Amino acid sequence: MKVHRIRQLLFSLFFGFLVLFPVSSFGNAYAAERSSSGTLRILLVGNSFSIDCSEYLPEVCKSCGTSDVIVGNCYIRGKALEYEWNAVKKNAAAFDYRVSKSGATWSPVQKTTLQSVIQSEPWDYVYFQQYSTLAGHRESFYLSNRKNIFDLFQRYTKTNCSNERVRIGFLMTWACKDDCKKRKYKQFYRGDQDTMYRSICSVTKRAVAPYADLIAYPGTAIQNARTRYGDTLNRDDRHLSLTTGRYLAAMSVAKASGIRLQSMKSFRKLSASKTSALVQCVIDASKKTYSVTKQVWSAPKLNAVSKVGSKKIKVSWAQASCSGYQVVYSTRSNFQNARKKSIPRGTTSLTIGTLSSGKTYYVRIRAYQTVSGTKYYSKWSAAKTCSM
């Protein structure tokens, strides 16, 4: 009986501790300690997609007030985690390595072993990334003996890193461009971007998250941004665009590493307004990690609504970067029973006929982006009127 009561007391104390000090608070406390105690060290291990994530990471950190940072990027182009693990077991100098210190330009790439890279610095964060088209394929995270490859990497890193408090993370890869022609994109995801994104989310949750200290979510941040910018964030069918896409991925890594993004203003290649929009995509991804958050964006400017005949009006608007437009018109100011017209991108005017004489028509417009078959709309423009 006494043993039972002691166990009850211990469980009560344990869960009371978790309520007062949730697990998430430890990550924040650690990040705060690192930012105030010296150099922040972040290592990204992967393939060409880790290059996308790391390219602007030093600049992002510096823009947020963390200039004393070392960013390392260790990769084998075109290879998946299993191939890289086999190279690690042989201690083969198969990896390319580059480093940026205190926001300086990247060092020349050199061939080396992963062990040498991990032992070269007392890294605070080490992230691993899967090959793009395998990121949503669960079997690619396991060896033939069913050992989890990410778990093997995180154990190896903690054994070889001189920083006992190193945190091992995973970079959640983004879905390919919707019209990607790669064989595995069609084989595993039926050639559909949304299917690939949902597969990546599922595999990350089940095959990686149980072994990771933290996860960076560029995959969700990219998908969030696509609801505003459309399928324009790639420079080919898989890799990210050299400006918007890469900045967004770097912001995702910085956010996961405890850096506050809200202090950023703009970058040499991005406007202040676009920087703010991308930051919001990353923040939304950190809150809803495995689901898409529709981004709010401004309506195209409605230039004029004019009468061009006894029963016709012409609607004109400013061109926007989008998949298309939706124009609605009604004889009621609240647009009850409004009629709708869809217009493809590249068009900036529409003539509407068969209207009723003696009526006043209210007209407004919004733009939309089509992402994997789903339309995401902007705000509505202010309405304009025309009397017949």
Side-chain angles (χ1 to χ4, degrees), residues 52-67 103 174-175 177 216-235 239-257 259-289 291-304 316-327 343 345-348 364-371 374-384:
D52 281 343
C53 291
S54 62
E55 182 65 28
Y56 294 130
L57 185 55
E59 184 181 351
V60 169
C61 293
K62 187 175 181 179
S63 177
C64 294
T66 306
S67 56
W174 47 92
K177 197 173 180 181
Y217 296 95
T220 295
I222 292 292
Q223 210 63 19
N224 288 346
R226 282 170 169 156
T227 70
R228 176 168 182 163
Y229 300 107
D231 216 1
T232 63
L233 301 176
N234 299 84
R235 66 183 185 273
H239 297 91
L240 295 177
S241 60
L242 298 178
T243 51
T244 305
R246 281 186 164 184
Y247 273 115
L248 192 52
M251 290 178 191
S252 300
V253 179
K255 180 74 170 65
S257 304
I259 292 175
R260 284 182 54 82
L261 301 180
Q262 288 85 340
S263 60
M264 287 194 302
K265 301 299 181 184
S266 62
F267 296 105
R268 53 192 168 89
K269 296 182 179 180
L270 293 180
S271 65
S273 60
K274 193 162 191 178
T275 297
S276 178
L278 297 186
V279 167
Q280 190 59 52
C281 292
V282 174
I283 291 174
D284 288 342
S286 70
K287 293 177 180 178
K288 295 182 178 180
T289 54
S291 62
V292 178
T293 302
K294 177 186 177 297
Q295 300 302 295
V296 177
W297 45 300
S298 300
K301 182 182 178 182
L302 184 58
N303 289 331
S316 61
W317 58 89
Q319 185 166 312
S321 176
C322 61
S323 301
Y325 306 90
Q326 185 184 67
V327 173
I343 304 96
R345 65 182 178 184
T347 306
T348 56
R364 63 182 181 180
I365 188 173
R366 62 181 177 176
Y368 64 84
Q369 298 286 8
T370 302
V371 182
T374 300
K375 288 183 178 179
Y376 295 92
Y377 291 93
S378 73
K379 294 179 180 179
W380 285 108
S381 69
K384 288 185 179 293

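Note: hydrogens, waters and symmetry copies are ignored here, and every other heavy atom, side chains too, is used. It should be emphasised that the depicted structure is a prediction, and the values quoted were computed from it without experimental measurement.
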Thr66 (side chain) donor-acceptor with Lys62 (main chain) under 3.5 angstrom:
no
Where is the tightest heavy-atom contact between Ala250 and Leu57, given as atom of each residue plus distance?
O-CD1, 3.5 Å
Value rounded to 0.5 Å, distance of CZ in Arg246 from CG in Leu270:
13.0 Å
Could you tell me whether the side chain of Trp317 and the main chain of Thr347 form a donor-acceptor pair under 3.5 Å?
yes
Kindly indicate whether the side chain of Trp174, heavy atoms from C-beta on, has any atom under 4.5 Å from the side chain of Asn234.
yes
Would you find a donor on one side and an acceptor on the other, under 3.5 Å apart, between the side chain of Glu55 and the backbone of Cys53?
no
I'd like to know whether Ser54 forms a side-chain contact (heavy atoms from CB on, under 4.5 Å) with Val253, so could you lay out the CA-CA distance, the side-chain angles of the two residues, the decisive distance to 0.1 Å, and finally the verdict.
CA-CA 8 Å; Ser54 62; Val253 179; over 6 Å; no
Those residues at least two apart in sequence (or on a different chain) that pass side-chain hydrogen bond (donor to acceptor under 3.5 Å, both in side chains) with Tyr56 are Lys269
For Tyr376, ring pair (Phe, Tyr, Trp, His ring centres under 6.0 Å) partners two or more places apart
none
Looking only at atom types and distance, does a side-chain atom of Lys294 sit under 3.5 Å from a main-chain N or O of Tyr377, one as donor and one as acceptor?
yes
Any idea which heavy atoms bring Thr370 and Ser323 closest together, and the distance?
N-OG, 2.9 Å
List the residues meeting side-chain contact (heavy atoms from CB on, under 4.5 Å) with Lys287, not counting sequence neighbours, and say none if there are none.
Ile283
When rounded to the nearest 0.5 Å, the distance separating OG1 of Thr289 from OH of Tyr217 is 4.0 Å
Taking only residues two or more places apart in sequence, or in another chain, which ones meet Lys177 in a side-chain hydrogen bond (donor to acceptor under 3.5 Å, both in side chains)?
none
When you compare the side chains of Asn224 and Gln280, does any donor N or O come within less than 3.5 Å of an acceptor on the partner?
no
Holding to side-chain hydrogen bond (donor to acceptor under 3.5 Å, both in side chains), I want the full list of residues that pass it with Ser252, two or more places apart in sequence or in another chain.
none
Rounded to the nearest 0.5 Å, what separates atom CD1 in Ile222 from atom OG1 in Thr227?
11.5 Å
Could you tell me whether the side chain of Gln369 and the main chain of Ser321 form a donor-acceptor pair under 3.5 Å?
yes
Provide the closest heavy-atom pair for Leu261 versus Ala254 in the form atom of the first, atom of the second, distance.
CD2-CB, 4.1 Å
From Tyr325 atom OH to Gln319 atom CD, the distance as rounded to the nearest 0.5 Å:
5.0 Å
So, for Pro58 and Gly103, which heavy atoms are closest and what is the spacing to 0.1 Å?
CB-CA, 4.1 Å
Restricting to side-chain contact (heavy atoms from CB on, under 4.5 Å), what partner residues turn up for Ser378, sequence neighbours left out?
Trp297, Ala299, Pro300, Arg366, Ala367
Nearest 0.5 Å, please: how far is SG in Cys64 from CD in Glu59?
10.5 Å
Ignoring hydrogens, what is the shortest heavy-atom contact between Arg364 and Leu302? Give both atom names and the distance.
CA-CD2, 4.1 Å
The side-chain hydrogen bond (donor to acceptor under 3.5 Å, both in side chains) partners of Ser381 (sequence neighbours excluded) come to none
For Ser276 and Ser273, indicate whether the former's side chain and the latter's backbone hold a donor-acceptor pair under 3.5 Å.
no
Which pairs with one or both residues in residues 216-235 pass salt bridge (Lys or Arg N to Asp or Glu O under 4.0 Å), sequence neighbours excluded?
Asp52-Arg235, Arg226-Asp231
Residues that Ala256 engages under side-chain contact (heavy atoms from CB on, under 4.5 Å), provided they are two or more places apart
Tyr127, Leu214, Ala216
In terms of side-chain heavy atoms, does Thr220 have a donor or acceptor partner in Lys288 at a distance below 3.5 Å?
no
Run the ring pair (Phe, Tyr, Trp, His ring centres under 6.0 Å) test against Tyr229 and tell me which residues pass, sequence neighbours left out.
none
The side-chain contact (heavy atoms from CB on, under 4.5 Å) partners of Lys301 (sequence neighbours excluded) come to Asn303, Ala318
Determine whether Ser241 and Thr232 make a side-chain contact, defined as any pair of heavy atoms from C-beta on separated by less than 4.5 Å.
no
Closest non-hydrogen atom pair between Ala175 and Gln223, with its separation:
CB-OE1, 4.2 Å
